[in-house]
Amino acid sequence: MDHSPILAIIVPCFCEEEVLPSTNERLRALLADMVTRGEVSGRSCVVYVDDGSSDATWTLLKGFSEASNSVCAVKLSGNFGHQNAIIAGMETMLHEADIFVTIDADLQDDIAAIPKMVAKYKDGYEIVYGVRSKRATDSWFKRTTALGFYRLMQHLGTKSVFNHADFRLMDRRTVGELLRYPERNLFMRGIVPLLGFKSATVECERSERTAGTTKYPLSKMLSFAVDGITSFSIRPVRLVLTIGIVFVFIAIIILAYVLYSKFSGHAVSGWSSMILSMWFIGGCILIGLGIVGEYIGKIYIEVKGRPRYHIEATTGQLPSQKQHTH
């Protein structure tokens, strides 16, 4: 009898048609090797979650699942976000798998670390984090801002794992506990360490994307950072916050003009102090309103208790079922 753990590799996808053929080939090959070596059960599978893609992602995923019993796919009815796509995959497989590994579809995180994660699990660890050994493929700006973000999170008292994204292994019990958190927009990098179960880390390389474009441009990274601090984001109040910052910058520009006018002898008495103070105080007030608004927006969304996602379709063979197609 096969006593090896059933592994579910959860892969959130959003418009990833360019990388999926390579990704599926590599993950299936890895899974087959792990099954051959007896590291995981032959009932293990790769679970793709289509987060409302507008390209041929779902068509490809259906093809993968029809061609292999080790591939399943879940289609969300819209774009609910990366974190919710991961949750959808976990909830779908909660009673089907023993351990779960989450990894992005571009496979920039080294999949060779997955067998090491499974080995750590067998050593008694319930959560295993994939930690980047270096960030050589990242730009100087991204490395610097990432370092600043992790330090800020720690300064604010939030538990976080340095240089860890969403590449991790969790067992069924820890996933079950994670799913008890009712937040509409989970910041998993902060909540998973909060669970407090026995954890370990595995170092992995971070490679460059082989195809397609990143789904996390600067604007999304900034948004993700704010979500991590406040546990939610809401655009209207962020607009107020942005306007406040712009006003402060205008005040700085006016200050430079005031100093220039003063030293050049063209200053108008009383005008400088009045305009400068008005812009600066106005900017500070709007920044304050924006920050407070972040938390009010969070409360507003949470009290409505809306579902985090909706599943439109699933396809593929789940480990405990001979056929599971909707």
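- Transitive grouping of hydrophobic side chains (ILVMFWY, heavy atoms separated by less than 4.5 Å) brings Leu76 and Leu94 into a common cluster.
- A 4.5 Å side-chain heavy-atom check between His82 and Asp104 finds at least one atom pair inside the cut-off.
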Note to self: Go through it in stages, so that I can follow the logic: the residues are Arg132 and Asp109, the test is side chain to side chain contact (heavy atoms under 4.5 Å, CB included), and I'd like the CA-CA distance, side-chain angles, deciding distance and then a yes or no.
What the structure shows: CA-CA 8 Å; Arg132 298 173 188 174; Asp109 293 308; 4.1 Å; yes
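- When side chains are defined from C-beta on, Leu27 counts as touching Leu107, because their heavy atoms get closer than 4.5 Å.
- Counting heavy atoms of neighbouring residues, nucleotides and ligands inside a 6.0 Å radius, atom CZ of Arg37 exceeds 12 of them.
- Interatomic distance, Leu7 CG to Met117 CE, rounded to the nearest 0.5 Å: 10.5 Å.
- For the ring-ring contact (aromatic ring centres under 6.0 Å, His included) test, no residue two or more places apart in sequence or in another chain qualifies with Tyr121.
- Side-chain contact between Phe64 and Arg28 is absent, with no heavy-atom pair separated by less than 4.5 Å.
- For Thr174 and Asp171, the side-chain atoms include at least one donor-acceptor pair closer than 3.5 Å.
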Item checked: Leu169 vs Lys120, side chain to side chain contact (heavy atoms under 4.5 Å, CB included): CA-CA, chis, key distance, verdict -> CA-CA 9 Å; Leu169 176 147; Lys120 289 284 187 181; over 6 Å; no
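- The distance from the CD1 atom of Ile99 to the CZ atom of Arg172 is 11.0 Å, given to the nearest 0.5 Å.
- In this structure, the side chain of Lys122 engages the main chain of Glu39 through a donor-acceptor pair within 3.5 Å.
- Between the side chain of Ser199 and the main chain of Ile127, no donor-acceptor pair closer than 3.5 Å is present.
- Shown here for Val49 and Ala88, the closest heavy-atom pair between the two residues is CG1-CB, 4.3 Å.
- Asp106 places a side-chain N or O within donor-acceptor distance of the main-chain N or O of Gln108, the cut-off being under 3.5 Å.
- The line from CD1 of Ile87 to CE of Met188 is 4.5 Å long, rounded to the nearest 0.5 Å.
- Thr102 places a side-chain N or O within donor-acceptor distance of the main-chain N or O of Asp166, the cut-off being under 3.5 Å.
- Smallest separation of non-hydrogen atoms from Pro5 and Ser44: O-OG, 3.8 Å.
- Using modelled atom types, one side-chain atom of Thr57 and one backbone atom of Glu16 make a donor-acceptor pair closer than 3.5 Å.
- Between the Glu17 side chain and the Ala56 main chain, a donor and an acceptor come within less than 3.5 Å of each other.
- Counting only heavy atoms from C-beta outward, the side chains of Pro115 and Leu30 approach each other to under 4.5 Å.
- Ile6 CD1 to Cys45 SG: the interatomic distance, rounded to the nearest 0.5 Å, is 8.5 Å.
- Taking CG from Leu60 and OG from Ser53, the interatomic distance works out to 10.0 Å, rounded to the nearest 0.5 Å.
- If you chain together hydrophobic residues whose side chains sit under 4.5 Å apart, Leu179 and Ile191 fall into the same group.
- When the side chain to side chain donor-acceptor pair (under 3.5 Å) test is applied to Ser70, the partners found at least two apart in sequence or on another chain are Ser68.
- Asp50 contributes atom CG, which lies 9.0 Å from atom CG of Leu20 (distance to the nearest 0.5 angstrom).
- Side-chain contact check for Asn24 and Tyr48: at least one donor-acceptor pair (N or O, by modelled atom type) lies under 3.5 Å.
- Under the 4.5 Å side-chain criterion, counting only non-hydrogen atoms from C-beta, Val47 is not in contact with Thr92.
- Contact detail for Asp110 and Cys204: the closest heavy-atom pair is CB-CB, 4.2 Å.
- At least one side-chain heavy atom of Phe167 sits under 4.5 Å from a side-chain heavy atom of Ile114.
- Looking at Leu61 and Thr315, their side chains never come closer than 4.5 Å, going by heavy atoms from C-beta outward.
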Notebook entry, point to check: Do Phe100 and Arg168 pass the side chain to side chain contact (heavy atoms under 4.5 Å, CB included) test, and can you show the C-alpha distance, the side-chain angles, and the key distance before you say yes or no?
Noted result: CA-CA 8 Å; Phe100 305 77; Arg168 69 178 73 86; over 6 Å; no
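- When every heavy atom of Gly78 is checked against every heavy atom of Phe80, the shortest pair comes out as O-CD1, 3.2 Å.
- Taking the side chain as every heavy atom from C-beta outward, Leu195 and Glu126 never approach each other to under 4.5 Å.
- Surrounding OH of Tyr181 are more than 12 heavy atoms belonging to other residues, nucleotides or ligands, all under 6.0 Å away.
- A side-chain donor-acceptor contact under 3.5 Å links Ser65 to the backbone of Lys62.
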